[in-house]
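What follows is one structure encoded as structure tokens, with my remarks underneath.
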Number of protein chains: 2
Amino acid sequence: MALEHAILVSLLEKPGSGYELARRFDRSIGYFWAATHQQIYRILKRMENDGWVEPREVAQQSRPDKKEYSVAAPGRAALAQWLHEPIEPESVRHELAVKIRGAAFDDPAALLHEVERHRRAHADRLAHYRAGELRDFTGPDAPAPDVGRELQHVVLRGGIAYEQMTLAWLDDVIATLHRLGAEKR
Amino acid sequence: MALEHAILVSLLEKPGSGYELARRFDRSIGYFWAATHQQIYRILKRMENDGWVEPREVAQQSRPDKKEYSVAAPGRAALAQWLHEPIEPESVRHELAVKIRGAAFDDPAALLHEVERHRRAHADRLAHYRAGELRDFTGPDAPAPDVGRELQHVVLRGGIAYEQMTLAWLDDVIATLHRLGAEKR
DNA sequence: GTAACCATGTAACCGGTTACATGATTAC
DNA sequence: GTAATCATGTAACCGGTTACATGGTTAC
């Protein structure tokens with residue numbers, strides 16, 4: 001389980017409310033660990049009870065008040081402990097791969113649209129990552145690098161590499177499906 | 001949810017018992033969709049109740065008897081329906097990425113061993129995939145290709161591409177952690 | 001004798017998903 | 001007025017993980 005740790009990391013990078021965390025999980029850190037606001041509020045409450053995070057009421061003008069959380073010492077300690085525990089190299093969970101193998105028992109060509117849709121989604125994500133890289137790390141207006149930024153950047157490079165690889169593979173899948181369709185004729 | 005569909009695909013490729021399925025999920029199809037034997041038995045039972053699969057008692061010598069399942073018409077129909085439903089391009093869930101960003105609030109160099117351990121695991125998996133590719137698809141003793149095999153092969157190529165990409169990225173991570181450690185001195 | 005493999009399950013727990021719920025403000 | 005954004009939750013369900021349980025066979 002790493003969602004609580006992901007939240008701790010995000011709050012250490014910058015304190016914020018549950019809502020703000022949910023938005024971050026739609027962006028940066030959420031690219032590698034997805035979470036909905038329901039999950040986040042639940043875990044935030046548990047971590048507050050355990051003394052891992054501390055809320056601060058922030059009154060806002062022309063917006064609802066919010067609870068801004070920051071990490072307390074026990075939360076930092078819990079994160080440090082987790083960082084020193086080994087984790088299992090994870091196995092991928094690739095639903096599309098199951099579909100592709102399943103297509104052998106249906107019509108392979110019928111999968112083309114689905115695969116092409118996935119290709120577009122991954123191309124969009126890659127463009128998005130690259131724009132973020134330029135804005136935050138390699139562009140002329142990027143902030144000065146430090147340890148935290150370097151580590152964020154290497155994680156983002158991982159996301160970019162993943163999307164590039166996925167695009168190339170989906171092209172391979174599309175070509176294979178075309179070929180199988182052509183052979184049948 | 002795709003585990004039941006993954007099981008259907010696996011049973012269509014070759015009928016088998018729950019135990020055999022569990023072994024396959026430790027190999028081929030499980031590279032893209034992990035499952036334990038407990039899960040498999042539970043879903044197998046449910047699918048049997050729903051008439052999606054049919055068991056056949058097989059007596060074995062010098063081994064316990066087994067129930068060999070094969071896919072019945074309703075199961076095939078359920079699979080076909082799922083194949084035609086669009087699925088969301090999935091987001092990765094990368095615990096190591098959370099750790100890397102978290103290392104900014106701990107000692108980045110302390111992560112090196114963990115990252116190197118993951119690197120070795122992925123190198124092993126890549127070697128394993130490549131051996132399987134040679135054995136089943138590209139080697140001189142590989143069976144003759146057909147639609148099913150072509151699709152299995154393109155999925156395996158995806159696994160190989162994923163592991164290659166991951167290895168290159170982990171090298172990037174290792175170099176970055178070294179650099180950050182050197183700068184601090 | 002003991003470890004590895006074959007074979008099938010039950011039970012408890014926990015995390016993730018989906019649906020429901022509320023209410024204010026801002027921009028069109 | 002209506003859609004989008006900000007803000008925080010509850011509840012039900014379901015799937016996945018972990019622990020427990022049993023019992024036979026084969027190879028060292």
Side-chain angles (χ1 to χ4, degrees), chain A residues 1-8 11 15-27 29-30 32-50 53 55-69 82 85 87-88 90-95 98, chain B residues 1-8 11 15-27 29-30 32-50 53 55-69 82 85 87-88 90-95 98:
Chain A
M1 222 286 295
L3 180 52
E4 46 194 32
H5 303 110
I7 291 176
L8 288 172
L11 287 179
S17 68
Y19 187 82
E20 283 160 357
L21 280 169
R23 302 217 57 211
R24 287 184 215 170
F25 273 82
D26 282 340
R27 293 199 219 95
I29 204 156
F32 313 101
W33 202 272
T36 60
H37 78 274
Q38 292 93 331
Q39 262 177 289
I40 290 168
Y41 281 118
R42 180 166 47 173
I43 284 170
L44 229 30
K45 180 153 283 180
R46 190 176 70 205
M47 291 201 292
E48 190 187 335
N49 289 337
D50 294 347
V53 296
R56 193 173 61 95
E57 289 286 338
V58 178
Q60 297 186 113
Q61 55 199 22
S62 74
R63 276 191 204 177
D65 295 355
K66 63 175 181 179
K67 275 202 275 186
E68 194 181 81
Y69 287 93
W82 175 72
E85 280 165 17
I87 51 174
E88 282 306 299
E90 42 220 295
S91 41
V92 214
R93 175 150 292 205
H94 212 321
E95 209 170 353
V98 179
Chain B
M1 225 285 294
L3 180 53
E4 46 194 32
H5 303 110
I7 292 176
L8 287 173
L11 288 179
S17 67
Y19 187 82
E20 283 161 356
L21 280 169
R23 303 216 58 211
R24 288 183 214 171
F25 273 83
D26 283 339
R27 294 200 219 96
I29 203 157
F32 314 100
W33 202 272
T36 59
H37 78 274
Q38 291 92 332
Q39 263 177 287
I40 290 168
Y41 281 117
R42 180 166 46 174
I43 285 170
L44 229 29
K45 180 153 283 181
R46 190 177 68 205
M47 290 201 294
E48 190 186 336
N49 288 337
D50 293 346
V53 295
R56 192 172 61 93
E57 290 285 339
V58 178
Q60 298 186 113
Q61 55 200 24
S62 73
R63 278 190 203 177
D65 295 354
K66 63 175 181 179
K67 275 200 277 186
E68 194 182 82
Y69 288 94
W82 174 71
E85 279 165 17
I87 51 174
E88 282 306 299
E90 42 221 294
S91 40
V92 213
R93 177 150 289 205
H94 212 320
E95 210 170 353
V98 179

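Side-chain atoms are counted along with the backbone in the values below, which use heavy atoms only and exclude waters and symmetry mates. So that the names make sense, note that chain A is the first sequence line, chain B the second, and so on, each numbered from 1. It should be emphasised that the depicted structure is a prediction, and the values quoted were computed from it without experimental measurement.
B/Ala34 meets the side-chain contact (heavy atoms from CB on, under 4.5 Å) test with A/Ser91, A/Arg93; sequence neighbours excluded. Evaluation of the salt bridge (Lys or Arg N to Asp or Glu O under 4.0 Å) rule for B/Arg56 yields B/Glu68 as partners, not counting sequence neighbours. Every side-chain contact (heavy atoms from CB on, under 4.5 Å) that A/Glu20 has, sequence neighbours left out, goes to A/Ser17, A/Lys66. With sequence neighbours left out, B/Glu48 forms a side chain to side chain donor-acceptor pair (under 3.5 Å) with B/Tyr69. Scored by the side-chain contact (heavy atoms from CB on, under 4.5 Å) test, A/Arg23 finds A/Tyr19, A/Arg27 as partners (sequence neighbours excluded). Scanning for side-chain contact (heavy atoms from CB on, under 4.5 Å) contacts around B/Asp50 gives B/Arg46, B/Trp52, with sequence neighbours left out. In this structure, A/Lys67 has no side chain to side chain donor-acceptor pair (under 3.5 Å) partners at least two apart in sequence or on a different chain.
Of the candidate nucleotides D/dA7, D/dT17, C/dT17, D/dT17 has the atom lying nearest to any side-chain atom of B/Gln39. When distances run from any side-chain atom of A/Arg46 to the nucleotides C/dG16, C/dG15, D/dT8, the shortest one goes to C/dG15. The side chain of A/Gln60 sits closest to D/dC6 out of D/dC6, D/dG15, C/dA7. Which of C/dG16, C/dT8, D/dA7 sits closest to the side chain of B/Arg93 comes down to C/dG16.
Regarding contacts with the backbone of D/dT8, a side-chain N or O of A/Tyr41 is found under 4.0 angstrom from either OP1 or OP2. Distances shorter than 4.0 Å separate some side-chain N or O of B/Arg23 from OP1 or OP2 on C/dC6. Taking only side-chain nitrogens and oxygens, B/Ser17 comes nearer than 4.0 Å to OP1 or OP2 of C/dT8. Using a 4.0 Å cut-off, no side-chain N or O of A/Arg42 falls inside it from OP1 or OP2 of C/dG16.
In this structure, OH of B/Tyr19 is placed 12 Å from C1' of D/dT25, rounded to the nearest angstrom. Summarising the geometry, the separation between CD on A/Glu88 and C1' on D/dT18 is reported as 14 Å, rounded to the nearest angstrom. Rounded to a whole Å, the CG atom of A/Leu44 is 14 Å from the P atom of D/dA7. Atom P of nucleotide D/dG16 and atom CG of A/Leu3 are separated by 18 Å, given to the nearest angstrom. Between B/Arg27 atom CZ and C/dC5 atom P there is a gap of 11 Å when expressed in whole angstrom units. Put simply, CD1 on A/Ile40 is 15 Å from P on C/dT18, counting in whole angstrom units. Between the P atom of C/dC6 and the CG atom of B/Asp26 lies a distance of 11 Å, rounded to the nearest Å. Straight-line distance from the CG atom of B/Asp65 to the P atom of D/dG23: 16 Å, rounded to whole Å.
Scanning both residues, A/Leu11 and A/Arg24, for their nearest heavy atoms gives N-NH1, 4.2 Å.
Here the CZ atom belonging to A/Arg42 is positioned 8.0 Å from the OG1 atom belonging to A/Thr36, to the nearest 0.5 angstrom.
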Contact state string [nucleotides 20-28 of chain C, B base, S sugar-phosphate only, - no protein heavy atom under 4.0 Å]: B--B-SS--

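In this structure the side chain of A/Val53 reaches within 4.5 angstrom of the side chain of A/Leu8, judged on heavy atoms.
End-to-end axis angle of the helix from C/dG1-D/dC28 to C/dC28-D/dG1, from C1' rotation axes over five pairs per end: 30° (rounded to 10 degrees).
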